[in-house]
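Have a look at the structure below, then the notes.
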Number of protein chains: 2
Amino acid sequence: MRAATLKDVAVLAGVSVKTVSNVVNGYAFVKPENRRKVEEALIATGYRPNIGARNLRRGKTGFIALVLPELSIPYFGELAGLVITAAQAHGWNVLIEQTQGTRDRERTALTSMGPHMIDGAILSPQALSAEDFADLAPGVPLVMVGEHAVDVPIDHVAIDNVLAARTAVGHLAAIGRRRIASIGRNPHRGTAALRLEGYRAALAEAGLAEDEELSVPALEYHRRDGAQAMSRLLDLPERPDAVFCFNDLLAIGALRAAADRGVRVPEDLAIVGFDNTEESAYSIPSLTTIAPDKKAIAETAVSLIHGRSTDAAENATPFDLQDIQTPFALEIRESTIGRTRAPA
Amino acid sequence: MRAATLKDVAVLAGVSVKTVSNVVNGYAFVKPENRRKVEEALIATGYRPNIGARNLRRGKTGFIALVLPELSIPYFGELAGLVITAAQAHGWNVLIEQTQGTRDRERTALTSMGPHMIDGAILSPQALSAEDFADLAPGVPLVMVGEHAVDVPIDHVAIDNVLAARTAVGHLAAIGRRRIASIGRNPHRGTAALRLEGYRAALAEAGLAEDEELSVPALEYHRRDGAQAMSRLLDLPERPDAVFCFNDLLAIGALRAAADRGVRVPEDLAIVGFDNTEESAYSIPSLTTIAPDKKAIAETAVSLIHGRSTDAAENATPFDLQDIQTPFALEIRESTIGRTRAPA
DNA sequence: GTGAAAGCGCTAACAA
DNA sequence: TTGTTAGCGCTTTCAC
């Protein structure tokens, strides 16, 4: 049984397609009698608008793309869920593109999505550099979340990474730690540079000397990398008494490595993470972490695209680049101050 | 600058749209000279096909829906990533719909996706019952993963839940546990019934009596619910010496509740989870868990839809309902056998 | 208020 | 081998 079209409904209701269309789209001025007839026919046929056709006609697609490394990474899973919810409020469906964080796949994700495919894109780039943005689908509103490739004239939504890192490390200093390490240095990640900067600033503020060998790089930000990096730190002749990890996964790995060596957290070693993934509230010990307002990030990013995409259609506000900072908080848990209470 | 259309390319190349279309779609018989001209024009214009228009014409949408409770739940995040990858191989994009596990949202997800919107749907229903499937978009291939609402003539892909649960609980019995609890009983989840059945079968096989109060229900399958349920079990006058949790999140919560009470895992209490989420390999202690082959689930589900959707178009194999079982393994870690080695 | 008809960009019959 | 053309289902002028 072929699905009902507008025309089928019109025939059944004995009116024109236009009238049916008016009813379907909530146009106010329809003769009550006709409206009734149409509504009946709508139900009788089980009519559902063909969104594709509508969008083709309207010149919009009804989709936005969300380009991120991997959905299996908790932070991105959580973020994606929030983006989908936020997008729904604007009538958008979300196409998710996974890049594994490679520059190549980030490029193709962006270029393959023709301008017809999507009304906009939100991306969390890991490896993309300025030049890659040259041949982007023009006219597609783009917003970057999290990472910030400098020198690229693209809207951006994120927390203040430097301040957040400073806050995290400041907390470690405030509880009396003196030999504070960091895990996550990475020349290819924009945020890594910012978090490292915040880390250094906090050390300086606390009057602590920086020790090069305490800043351990991590190429990937998975649990495994955190465990490896932590192992290296624990092999040092003079062990750190605290470590700031650039994300929660690294911190979870660090926690694991510490446990494997019999190093007590937080007594011997305090650990702070970054992202406040749900997992961090239940690890043992639970993880002190920077909690970005992910909902705000998702909603702001979607709103920006929404604004741009209607702008573009109408009177085109020319070029007011947005760089929006969303709130964050320091969530203090057992990995820095020890057992206090069971998690909620 | 308006995006280039087929017609623009045709004009520039000095041929007809048909020829351009032939080139774009890889049709073999095009005069070499024309092909060259078209290809040049393609590049010059930066042409990108309008997928929406193509699909409208072809009567397909190029999308499949993935309907699941929440992307922030690790199991679903991981599964979604795999589904997206598998779908890509068939040229599909994936629309993700989050239902929060409520029947209402599951219903609307399924019905709102008109048949025009999607070529098929994969769903992981939590609360949907047989009658809800009555008014589904007809003609849209559907496959259920994981949960299995009985009496519904819909393709299904999952592991053998009874056997998996039996294996998990059998393992607990094999390491000498005698008072084995379970967390996750739930009248509204199809899998819960199966896992409970496997739990009971394993107890019987081990010659262990079943104790009603050791089967604790969980309405949600989040970490918090696992912690609450575990607390209840630890309040019992006669505590269990092992617990089988119906998913990893419950197990993580149980781990946390045990730690809060000073109950040692696995010495005092062995814990087994279900799903083998990445988190379970890094918890402290790491979690013994049932590891379903998620990749197989994702790929099988997508293949089924693919088969159905081409079937439907062509000679319609009438009705051979598929109920496919994918492999699983028992991943034995510290939460049942104690410290052995650091995770890889 | 409503109908007729054009056309969004594409594919595919049919002709040439 | 290629051009012409009719729609896919919808929205939207423009008449009436």
Side-chain angles (χ1 to χ4, degrees), chain A residues 1-39 41-42 45-63 91 114-119 137 139 313, chain B residues 1-39 41-42 45-63 91 114-119 137 139 313:
Chain A
M1 188 190 70
R2 194 177 48 80
T5 73
L6 221 41
K7 196 199 250 175
D8 298 330
V9 179
V11 170
L12 184 62
V15 298
S16 78
V17 238
K18 177 63 169 38
T19 304
V20 180
S21 176
N22 283 342
V23 172
V24 170
N25 292 294
Y27 183 63
F29 307 102
V30 177
K31 201 192 288 175
E33 190 196 329
N34 280 340
R35 179 180 295 276
R36 194 188 45 72
K37 284 197 290 190
V38 169
E39 277 163 354
L42 244 23
T45 54
Y47 173 78
R48 305 248 158 224
N50 181 326
I51 310 292
R54 171 181 294 173
N55 289 331
L56 173 59
R57 181 60 235 234
R58 284 191 177 155
K60 324 199 95 259
T61 67
F63 296 106
H116 313 293
M117 198 71 178
I118 51 172
D119 295 336
Chain B
M1 189 189 70
R2 194 177 48 81
T5 73
L6 221 41
K7 197 198 251 176
D8 298 330
V9 179
V11 170
L12 184 63
V15 298
S16 79
V17 260
K18 179 62 171 32
T19 305
V20 180
S21 176
N22 283 150
V23 172
V24 170
N25 292 293
Y27 184 62
F29 308 101
V30 176
K31 200 191 289 174
E33 190 197 328
N34 280 339
R35 179 179 294 277
R36 193 187 47 71
K37 284 197 290 189
V38 170
E39 276 164 355
L42 245 22
T45 54
Y47 172 79
R48 306 248 159 225
N50 182 327
I51 310 292
R54 171 181 292 171
N55 288 331
L56 173 59
R57 181 61 235 232
R58 284 193 176 151
K60 323 201 97 258
T61 68
F63 296 107
H116 314 293
M117 198 70 179
I118 51 173
D119 296 336

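Computed from a prediction, not measured in an experiment: that's the story for all the values here. Sequence lines set the chain letters: A, B, ... in the order given, protein chains first and strands last, and positions in each chain run from 1.
- Across all their heavy atoms, B:V23 and B:E39 have their closest contact at CG1-CG, 4.3 Å.
- When the nucleotides C:dT11, D:dG3, C:dG3 are ranked by their closest atom to the side chain of A:S16, C:dG3 comes out on top.
- Regarding B:D8, its CG atom lies at a distance of 13 Å from the C1' atom of C:dC10, rounded to whole Å.
- Between A:N25 and D:dT11 there is a side-chain N or O to OP1 or OP2 distance below 4.0 Å.
- In summary, the side chains of A:T61 and A:N55 do not present any donor paired with an acceptor at a separation below 3.5 Å, with no hydrogens or angles considered.
- Counting any heavy atom pair closer than 4.0 Å across all strands shown, B:N55 reaches no nucleic acid atom.
- Atom NZ in A:K37 sits roughly 13 Å away from atom C1' in C:dG1 (whole-Å rounding).
- For B:N50 and D:dC10, the CG to C1' distance is 14 Å, given to the nearest whole Å.
- Contacts of B:K18 with the nucleic acid, taken as non-hydrogen atoms under 4.0 Å apart, include base atoms.
- Proximity of A:T19 to the phosphate of C:dG3: a side-chain N or O atom is located under 4.0 Å from OP1 or OP2.
- When each of A:V24, A:N25, A:V17 is tested with A:S21 by the rule side chain to side chain contact (heavy atoms under 4.5 Å, CB included), just one qualifies, namely A:N25.
- Remark: the B:R54 side chain and the C:dG9 base include no donor-acceptor N/O pair separated by less than 3.5 Å.
- The interatomic distance linking B:D119 (CG) with D:dC8 (C1') rounds to 14 Å, in whole Å.
- For the pair A:S21 and D:dT11, the criterion of a side-chain N or O lying under 4.0 Å from OP1 or OP2 is met.
- Both B:A53 and B:P32 lie near DNA chain D, and the one whose nearest nucleotide falls closer to the 5' end is B:P32.
- One atom, CG of B:L56, and another, P of D:dC10, lie 9 Å apart when rounded to the nearest Å.
- Of the candidate nucleotides C:dT2, D:dT2, C:dG9, C:dT2 has the atom lying nearest to any side-chain atom of A:N22.
- The two atoms that bring A:T5 and A:Y47 nearest to each other are C-CE1, 3.6 Å, heavy atoms only.
- A sub-4.0 Å separation between OP1 or OP2 of C:dG9 and a side-chain N or O of B:T5 is absent.
- When the P atom of D:dA6 is taken as reference, atom NZ of B:K7 falls 14 Å away, rounded to whole Å.
- The nucleotide whose nearest atom lies closest to any side-chain atom of B:L6 is, among C:dG9, D:dT1, C:dT11, C:dT11.
- Using a 4.5 Å cut-off on side-chain heavy atoms (C-beta onward), B:V20 and B:L42 make contact.
- Atom OH of B:Y27 and atom P of D:dT2 are 10 Å apart (whole Å).
- Looking at which nucleotide of DNA chain D each of B:V30 and B:R57 is closest to, the 5′-most match is held by B:V30.
- One interatomic measurement links the two molecules: CG of B:N34 to P of D:dT2, which rounds to 5 Å at whole-angstrom precision.
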